[in-house]
Number of protein chains: 2
Amino acid sequence: MDILFKTFIDYFSTNYPLTDHTKAEICSHLSILNLDKKHILVKENQRHDFAYFVIKGAVRSYYLKDGIEVNTWFALENDMVGSLQNFQDNPSRETMELLEISTLISINLKQIKPLMFSNIQIAHFINAIIIEYALFLEDKIFFSQMMNSIDKYQILLEREPQLFQRVPLTYIASFLGISRETLSRLRAK
Amino acid sequence: MDILFKTFIDYFSTNYPLTDHTKAEICSHLSILNLDKKHILVKENQRHDFAYFVIKGAVRSYYLKDGIEVNTWFALENDMVGSLQNFQDNPSRETMELLEISTLISINLKQIKPLMFSNIQIAHFINAIIIEYALFLEDKIFFSQMMNSIDKYQILLEREPQLFQRVPLTYIASFLGISRETLSRLRAK
DNA sequence: ATGATTTTGTGACATTTGTCAAATGAAATC
DNA sequence: GATTTCATTTGACAAATGTCACAAAATCAT
């Protein structure tokens, strides 16, 4: 088994160990992708059969509101990229674009999903991913409701310092819901 | 089986039908509660073994930031009340309080959770709840990132008109992240 | 390397929102 | 039903943020 696949599978099977057979079955629906900066993984309003796991690189998600890009998140190493909209076979609400040359694992949702019903280990594996994702969402909401933008900026700086080295401030300002000028002034202090 | 339990169970087992035996097993960890206005279901920073499903009534969630209540959501009929923090046995980040005399189903998480590993139907049942919850969270984030507060107000008014009849505007303003005065002025138009 | 493009920073001003204070309206309690 | 409490509205002003314009700095592509 590819060492990168192993990283991914182990990452989500700490609570519920998988047999080698199940691991192999999961692997058969994974691929490794090496993609260039600015590559579009998922397009807004389109259905998409894959989710991704970032081995190396950075991804941003955004959607268009009145013609303006609203950035919604940035994924770095060991983060999942995708949404439950994809998993539920709904069109994506966001575009996801690489910010750097990246190495990703792609997960074929269309193929893996039906296995949930025949292999209970796979069911638990997928649940672990969904629970982690939902915890991440709860966190994101909690964070975003701390209204004061100075606080938001400082918390983001504490939690995800790498973002500020790897993601343009314009995108971060957009994510924080403030103009780039305001962010620039906050940083001046 | 109590008709109210049936409502709840059917609500989350449309994709994956349950045998009568499993339904009975789930029921044995459910109770019906009739509680008064202002009753506190869950306290901020405390662990809690239960989640709830609203049969009739209204619940608000809030946390304290610098001594001020920040309202995070309002649950009405057929909504779940709880968080993954509870499910994961972490302390709750929010207080949940009844806004009306309410009838709720309580779900004993501590008892039901281990059954996920012995009964695959229960695993799928719980997953259905978590997926619905995660979709709800995705929606909430998407909504909250539409920054303009007039838009937020109008979308909330379209989607959840009942809230404005049943929840004080002070709480709604707090949820929207604006002062009650600003909300009042938005409404004047 | 160098010119072009993108990103970031700064100033001036308009707009929005928050804050404080007070008045009105509605609802709960006795 | 009267009284108290709570919720909502309105006005005046201060503070924060957005917008526009432009300059400086960094990055990219040839």
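The chains referred to below are lettered A, B, ... by the order of the sequence lines, with proteins before strands, and numbering in each begins at 1.
- The side chain to side chain donor-acceptor pair (under 3.5 Å) check on Asn34(A) picks up Thr103(A), with sequence neighbours excluded.
- For Asn127(A), the side chain to side chain donor-acceptor pair (under 3.5 Å) criterion is met by Asn127(B), not counting sequence neighbours.
- Judged as a salt bridge (charged side-chain N to carboxylate O under 4.0 Å, His left out), and not counting sequence neighbours, the contacts of Arg166(B) are Glu77(B), Glu100(B).
- Listed by chain and number, the residues in a side chain to side chain contact (heavy atoms under 4.5 Å, CB included) with Asn15(A) amount to none (sequence neighbours excluded).
- Phosphate contact (OP1/OP2 of dT8(D), side-chain N/O of Thr170(B), threshold under 4.0 Å): present.
- Residues satisfying the side chain to side chain donor-acceptor pair (under 3.5 Å) criterion with Tyr153(B), sequence neighbours excluded, are Arg187(B).
- If you measure from atom CG of Leu186(B) to atom P of dT8(D), you get 14 Å, rounded to the nearest angstrom.
- Taking the six-membered ring where tryptophan is involved, the planes of Phe175(A) and Phe74(A) are perpendicular, since the angle between them exceeds 60° and thus also 30°.
- Not counting sequence neighbours, the partners of Phe117(B) by the ring-ring contact (aromatic ring centres under 6.0 Å, His included) test are Tyr16(A), His124(A).
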*Nucleotide-resolved protein contact map, nucleotides 18-30 of chain D, B/S/- at heavy-atom distance under 4.0 Å*: SBB-------S--
Donor-acceptor pairs under 3.5 Å, side chain of residues 176-184 of chain A to any protein atom, not counting sequence neighbours: which ones?
unit_1	atom_1	unit_2	atom_2	d
Ser179(A)	OG	Thr182(A)	N	3.2
Ser179(A)	OG	Thr182(A)	OG1	3.0

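- The hydrophobic cluster containing Val42(B), built from Ile/Leu/Val/Met/Phe/Trp/Tyr side-chain heavy atoms closer than 4.5 Å, also comprises Leu33(B), Leu35(B), Leu41(B), Phe50(B), Tyr52(B), Val54(B), Val59(B), Val81(B), Met96(B), Leu98(B), Leu104(B).
- Running 5' to 3' along DNA chain C, contacts with non-hydrogen atoms of chain B at under 4.0 Å begin and end at dT17(C) to dA28(C).
- Where the helix from dA1(C)-dT30(D) to dC30(C)-dG1(D) starts and where it ends, the local axes point in directions that differ by 60°; five pairs per end, rounded to 10°.
- Phe164(B) has its CZ atom 17 Å from the P atom of dA7(D), to the nearest Å.
- Applying the side chain to side chain donor-acceptor pair (under 3.5 Å) rule to Asn90(B) yields the partners Gln85(B); only residues at least two apart in sequence or on another chain are considered.
- Nucleic acid contact class of Ser184(A) (heavy atoms, under 4.0 Å, all strands): base.
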